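What follows is a single structure, written as structure tokens, with notes after it.
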Amino acid sequence: MRFYIRDARPEDAPALTWLNKVAMGYEYPEDKTAEKLALLLNDGRNKILIAELEGSVVGYLHLVDYDVLYGEHLKNIMGIAVNPAYQRRGIGKSLLTAAENWAKKQGAAGIRLVSGESRTGAHAFYRSLGYQGNKMQLNLKKAL
């Protein structure tokens with residue numbers, strides 16, 4: 001299986017909408033995904049990597065700057081998704097490796113990610129690649 005990693009393009013919105021739904025369980029309209037994608041691709045703080053196989057998007061990873069007053073500059077993984085039919089074939093690992101290489105070139109001290117408490121398979125995957133956790137957090141939101 002020969003896939004490659006590339007930067008996202010606006011025309012990837014339909015595939016990203018589908019991946020968000022089937023791989024992560026997020027229902028978000030394609031038109032709004034396209035708007036967000038265009039915004040993120042042009043703001044200079046975000047990097048979206050695509051895994052492509054035979055002309056089809058089979059995975060993606062989204063990073064953004066993460067800066068706080070109490071730590072070094074990091075890149076924050078906002079999402080990583082691989083088509084379930086192509087999981088366990090090295091796509092997620094390749095996306096993370098590409099993200100790490102890019103983050104290092106950008107001067108980041110590391111990469112941060114948050115993973116849902118119930119995603120124990122994902123946790124094992126991240127740990128196998130050297131990611132370590134030190135706390136559990138509660139994620140709170142307030143609609144405005």
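Worth saying up front: this structure is predicted, and the values here are computed from it rather than measured.
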Are any of the side-chain heavy atoms of [X] and [Y] separated by less than 4.5 Å?
X	Y	result
Tyr28	Asn20	no
Asn46	Leu63	no
Val58	Val82	no
Leu113	Ile80	no

| query | With sequence neighbours excluded, what pairs up with Lys32 under the salt bridge (charged side-chain N to carboxylate O under 4.0 Å, His left out) test? | reply |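 So Lys32 forms no salt bridge (charged side-chain N to carboxylate O under 4.0 Å, His left out) with any residue.
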| said: Applying salt bridge (charged side-chain N to carboxylate O under 4.0 Å, His left out), can you list everything that pairs with Glu54, at least two apart in sequence or on another chain? | reply: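 Glu54 satisfies salt bridge (charged side-chain N to carboxylate O under 4.0 Å, His left out) with no other residue.
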| note | Applied to residues 36-49, the salt bridge (charged side-chain N to carboxylate O under 4.0 Å, His left out) test, sequence neighbours excluded, yields Asp7-Lys47
| said: Could you see if Leu61 belongs to whatever hydrophobic cluster contains Trp102? Use Ile, Leu, Val, Met, Phe, Trp, Tyr and a side-chain cutoff under 4.5 Å. | reply: yes
Going by side-chain hydrogen bond (donor to acceptor under 3.5 Å, both in side chains), name the residues that satisfy it together with [X], two or more places apart in sequence or in a different chain.
X	result
Glu52	Tyr4, Arg6
Tyr86	none
Tyr131	Glu100
Ser94	none

If you link ILVMFWY side chains whenever their heavy atoms are less than 4.5 Å apart, which other residues fall into the same cluster as [X]? By chain and number, please.
X	answer
Leu16	Trp18, Leu19, Val22, Met24, Tyr26, Leu37, Leu40, Leu41, Ile48, Ile50, Val57, Tyr60
Val114	none
Leu144	none

| field | Where Ile91 and Ala51 come nearest, the two heavy atoms and their spacing | value |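 Smallest heavy-atom distance, with atoms named: CG2-CB, 3.5 Å.
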| request: Check whether any side-chain N or O of Asp12 sits under 3.5 Å from a backbone N or O of Ala8 as a donor-acceptor pair, and report yes or no. | output: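 No, Asp12 side chain to Ala8 backbone: no donor-acceptor pair under 3.5 Å.
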| said: Suppose we screen for side chain to side chain contact (heavy atoms under 4.5 Å, CB included). Which residues come up paired with Glu30, at least two apart in sequence or across chains? | reply: Pro14, Thr17
| query | What side chain to side chain donor-acceptor pair (under 3.5 Å) pairs are there with at least one residue in residues 66-84, not counting sequence neighbours? | reply | Asp65-Lys75, Tyr66-Arg112, Asp67-His73, Asn76-Arg112
| request: Kindly indicate, with the supporting measurements, whether the criterion side chain to side chain contact (heavy atoms under 4.5 Å, CB included) is fulfilled by Leu96 and Ile77. | output: CA-CA 9 Å; Leu96 283 166; Ile77 295 177; 3.4 Å; yes
| field | Arg88 atom CZ, neighbour heavy-atom count above 12 within 6.0 Å | value | no
| field | Distance (rounded to the nearest 0.5 Å) between Gln106 CD and Asn101 CG | value |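 It comes to 11.5 Å.
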